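See below for the structure under consideration.
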Protein chains: 2
Amino acid sequence: MLDERSRQILNAVIQSYINRPDPVGSRYVTKKYDFGVSPATIRNIMADLEEMGFLSQPHTSAGRVPTDRGYRFYVDSLLNDKKCSFDAQIAQDIVKRLEGIKNDINAFFAEVSATLSRMSNYMGIAQPPKTESATFKKLELIRYKEDSIVAVLLTNESIIRSRILRVAPPLTQEDLNRIAGYMNTEYSGLSVDEIRTILTNRIKTERVMWDNLLVRAIKIYEQLLAFTDNELFMEGLFDVMSMPEFSDISRIRDAYRAIKDKHMLLRIVEDLSKTEGVQVIIGAENPIEELNRFSIVASTYGACGKKMGVIALIGPTRMDYSKAISMVEMVSNCICETLNESE
Amino acid sequence: MLDERSRQILNAVIQSYINRPDPVGSRYVTKKYDFGVSPATIRNIMADLEEMGFLSQPHTSAGRVPTDRGYRFYVDSLLNDKKCSFDAQIAQDIVKRLEGIKNDINAFFAEVSATLSRMSNYMGIAQPPKTESATFKKLELIRYKEDSIVAVLLTNESIIRSRILRVAPPLTQEDLNRIAGYMNTEYSGLSVDEIRTILTNRIKTERVMWDNLLVRAIKIYEQLLAFTDNELFMEGLFDVMSMPEFSDISRIRDAYRAIKDKHMLLRIVEDLSKTEGVQVIIGAENPIEELNRFSIVASTYGACGKKMGVIALIGPTRMDYSKAISMVEMVSNCICETLNESE
DNA sequence: ATTAGCACTCTCTAAGAGAGAGTGCTAACA
DNA sequence: TGTTAGCACTCTCTCTTAGAGAGTGCTAAT
């Protein structure tokens, strides 16, 4: 439905516009790209492209601007074509930088989001792996004060979760040791979430054989998991906001609030985490209205084939998709590499 | 040097300007505040105040705007006069909200900064207590993988610090227990920092009596403290940035970077933490040039008379100092209360 | 000491003119 | 039939100008 030349012109317009957010005119296209035809011809084709919904005009006598549909076409052909691969050197640098802090899962993913942002000038987002999907390694329970204990949960994925929990009635350190011992011998190697299911089933079927302590164990375990430290690291919000298309500060207020709102982003990220590989959400494709002028390039990451979380870049719809996609892809690979090494 | 009426007029101008950042004219003052004199008189006095450096004019035929010196005068007399005390109800609400999360020191101070920001519409900053100044309660060491252990440090102040540490050569769980046991029996109740000093001294004087393990203990302890999770929570950056005086987005770029830069803020906060009580830094009083158009209202907080950290509000120089001061004061008290209860 | 009156200064806004960029259409051309 | 040159037209942007409005400083009168 779109001949080769039209596609090339569409690409030319989009790339121009990505470089600088000014409407692209026919004359400019002939000057900058060598199609061997006159501006008038370009104009005709651009009019066609507009009719098909790939381009639009801010006003009658302005150049053309890509529509979301235009970007979509562009991105799809980008995803199908060759991947513009990244400099291996850069990847090495990132791996090296991440290597140093892989033992601190939060610092690690904070650095991931910072790296994404720094390299792209868009907003970088990194969701650390959920404790729930990690592999239970060890539980340690320590008496803290009369009515409170400290529970420390270790997983194979270098995730440590430690919390002060309220327990009533009080438990002795011996009790705690027995509970922890039970958990550690029985459940080591299962996923944190599986254990939760098993525990709740167990209490139904076995009817308090282990008596009190099993119940207490479950309570503690639940309490420990109740804290959703479902963090999301983001960096570079302001970089995006200071791009020329957002120079009118009043208009971006809502967008800012939406982007800043971690919960809202989390919802999107959760959706994304269902699908593997790089995904691109362009402008109004996003269900969140406030984000209609932004695009998201996201990818899941994981180790050993297991999806563990999502990283993403958020930028204006006219973002450099080619760069963003390859960057997200690369960083995702770096994460996998680093995580796998630490196994 | 300043008669009563002049002071009142200065106050009037400043309060007007705080409400809305428009230069304040003589006519406006007579209308809004009832001094029983004509605009001409006000003009004379304002001219005097300008001469003394408390007010200035954006241009010859505009109203007056307070200078930093004007604000300083205003704030000082504010601090000397009655404290505008806060609604006890609000304080109760805050205490209640904080109560629920006092066991998670990070969530706690994240909430503090959010509360400060939400209530004032300025930027709220909260520095959680440093681990170093907390009281050592217990150290727990757990073997994690061949060459790494998990160290968990508990303090009386509900601070948990847990890290994966690399240890070489490997240590058995027994070794770890001995090290932890040693630390727990010897040092419980001292401050985390004191212990550090004692340990290093000890190794010098006692010359490796405890042999290897003491050295290992010190190494682990140092390693654990090496991570400066000297966090600073901030909330509401954008609220400040979207105030009318910053409507020109390009001009606030540097300021944004300065404010966002936690390290820079940390330096200021560190300075502030030396002095007790509420402190106000107005505009250019701040050594950081990028922050010359902002003011900071800060206060230390602590429990049992011990200074533990700093909270602050950052806003434009025309911020509502009265409100900001009493708010910071109140929140500081709420923190103290909550922390003391948990002892 | 205070005030009314007045000339003056500066900003802000609206309106208008002209330049510039880019389009769509038409008619000619290969 | 696809391409192109030419041209009138549209819309934005910028610059200028003029006038309104707000507020001042000064002077002379109270």
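Residue numbering restarts at 1 for every chain, and letters A, B, ... go by the order of the sequence lines. This one's a predicted model, so the numbers in the text were calculated from it and none came from an experiment.
The distance between atom CZ of A:Phe35 and atom P of D:dG2, rounded to the nearest whole Å, is 19 Å. Here C:dT2 presents its P atom at 9 Å from CG of B:Asp3, a figure rounded to the nearest Å. Protein atom CZ of B:Arg27 is 13 Å distant from nucleotide atom P of D:dG21, rounded to whole Å. If you take CD of A:Glu50 and P of C:dC25, they are 11 Å apart, rounded to a whole angstrom. At whole-Å resolution of the value, OH in A:Tyr28 and P in C:dT23 are 14 Å apart. To the nearest angstrom, P of D:dA22 lies 17 Å from CD of B:Gln57. Between A:Glu51 atom CD and C:dG24 atom P there is a gap of 11 Å when expressed in whole angstrom units. In this structure, B:Met46 places its CE atom 17 Å from C1' of D:dC26, rounding to the nearest Å.
The side-chain hydrogen bond (donor to acceptor under 3.5 Å, both in side chains) pairs that include a residue from residues 43-52 of chain B are B:Ser26-B:Arg43, B:Glu50-B:Arg64, where partners are two or more places apart or lie in different chains. Sorted by first and then second residue, the salt bridge (Lys or Arg N to Asp or Glu O under 4.0 Å) pairs involving residues 114-126 of chain B (not counting sequence neighbours) are B:Glu111-B:Arg118. Here ring-ring contact (aromatic ring centres under 6.0 Å, His included) pairs that include residues 8-52 of chain B, with residues two or more places apart or in two chains, number zero. Within the structure, salt bridge (Lys or Arg N to Asp or Glu O under 4.0 Å) contacts touching residues 8-19 of chain B (residues at least two apart or in different chains) do not occur.
Residues that satisfy the side chain to side chain contact (heavy atoms under 4.5 Å, CB included) test with B:His59, not counting sequence neighbours, are B:Ser61, B:Ala62. The side chain to side chain contact (heavy atoms under 4.5 Å, CB included) test applied to A:Ser295 returns A:Ile282, A:Thr317, A:Met319, A:Tyr321, not counting sequence neighbours. For A:Asn121, the side chain to side chain contact (heavy atoms under 4.5 Å, CB included) partners are A:Asp239, not counting sequence neighbours. Under the ring pair (Phe, Tyr, Trp, His ring centres under 6.0 Å) criterion, B:Phe73 pairs with B:Phe54, sequence neighbours left out. Judged as a side chain to side chain contact (heavy atoms under 4.5 Å, CB included), and not counting sequence neighbours, the contacts of B:Glu235 are A:Lys260, B:Ser113, B:Ala114, B:Ser117.
Remark: B:Arg267 does not engage B:Asp271 in a salt bridge, criterion side-chain N to carboxylate O under 4.0 Å.
Side-chain contact check for B:Asp93 and B:Gln89: at least one donor-acceptor pair (N or O, by modelled atom type) lies under 3.5 Å.
For DNA chain D, none of the residues of residues 9-21 of chain B falls under the heavy-atom distance limit of 4.0 Å.
Contact check, A:Arg5 against D:dG2: no side-chain N or O comes under 4.0 Å of OP1 or OP2.
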Give each protein N/O atom lying under 3.5 Å from an N/O atom of nucleotides 13-15 of chain C, with the pair distance.
none

Across nucleotides 4-10 of chain D, 5' to 3', mark each nucleotide with B, S or - according to how protein heavy atoms within less than 4.0 Å reach it. BBB---B
